[in-house]
Q: 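Quick one: this structure, given as structure tokens, is what I'll be asking you about.
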Amino acid sequence: MPGTLYIVATPIGNLEDITYRALKVLACVDLVAAEDTRKTKILLDHYGISKPMVSYFSYNERRRTPQLIRHLEEGKSVALVSDAGTPGISDPAHTVVVAALEHGIPVVPIPGPAAFVSALIVSGLPTNAFVFEGFLPVKKGRATKLAQLKEETRTVILYESPHRIVKTLEQVLELFGDRQVVVAREMTKKFEEIVRGPVSAVLKEISSRSPRGEYVVLIGGKPR
Ligand code: SAM
């Protein structure tokens, strides 16, 4: 009997945002595969869990996947976690999930936080239909992607870094016009902040200080 691959969501900032079931799974599995083992150790230590860990991140996932599949085929259970939030959401997981499915290994989700869901539900923008795009391409394809998104009638959700948040808002203003946007920063953390309004006003607010932390950008859909 193969073991089970658990895809385990972890907090996006507040260590208390983890489910009882996630903690139970992390305490019971044979191995934890983590995007950043040092970061995950802080979480596990906080909950008194001690587990063998291996790294699984975007640059080693192809090499690491066959090793994890071997463990699973030997009957060992593995929990996959990313640095924050839900693995597979703008984070590595896909390669090992596909490989596990190909090998007939059970893959079980342990749901929990995802930054974009937290931001969407308090944004005030329509939540009934939305499109999650993750990070925009940094250079090539960025303008094409934004041009496509401009026509989108659903709420558009992006992930953004502090280095590019101002540039992204400037591009949205230039291409989309003064659409309603919401910028959610440092969700669940000490400096959580949500700025809502027309993009011109939000841009002014965000660029008035040096951007810091992690951002979710939500853009109101094109009016029908
Ligand atoms: N797997 C994660 C999830 O489930 O949301 C996303 C990982 S992705 C590599 C990291 C990006 O997610 C950040 O650059 C930021 O855009 C967004 N993010 C993660 N945590 C956040 C937070 N606490 N507040 C705002 N945005 C966050």
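Computation of the quantities below employed the complete heavy-atom set of this structure, encompassing side-chain atoms and omitting hydrogens, waters and symmetry-equivalent molecules. Order of listing sets the numbers, starting from 1, for every ligand and every atom in it.
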Q: Report yes or no: do Q67 and R64 form a side-chain donor-acceptor pair below 3.5 Å?
A: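 Yes.
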Q: Heavy atoms under 4.0 Å from ligand 1: which residues qualify?
A: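 Shell around ligand 1 (4.0 Å, heavy atoms): I12, A84, G85, T86, I89, S90, D91, A114, A115, F135, Y159, E160, A184, E186, M187, K189, E214, Y215, V216.
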Q: Among side-chain atoms of T188 and N14, is any donor-acceptor pair under 3.5 angstrom?
A: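 No, no side-chain donor-acceptor pair sits under 3.5 Å.
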Q: Has F130 got more than 12 heavy atoms of other residues, nucleotides or ligands less than 6.0 Å from its CZ?
A: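 Counting neighbours around CZ of F130, 12 or fewer heavy atoms of other residues, nucleotides or ligands fall under 6.0 Å, so no.
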Q: One pair to check against side chain to side chain donor-acceptor pair (under 3.5 Å): N60 and S55. What are the steps and the verdict?
A: CA-CA 8 Å; N60 81 350; S55 63; 3.1 Å; yes
Q: Nearest heavy-atom pair of L26 and A79: which atoms, and what distance?
A: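 Closest heavy-atom pair between L26 and A79: CD2-CB, 3.9 Å.
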Q: List, by chain and then residue number, the residues other than Y20 in its hydrophobic cluster (Ile/Leu/Val/Met/Phe/Trp/Tyr, side-chain heavy atoms under 4.5 Å); write none if there are no others.
A: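 Y20 shares its hydrophobic cluster with no other residue.
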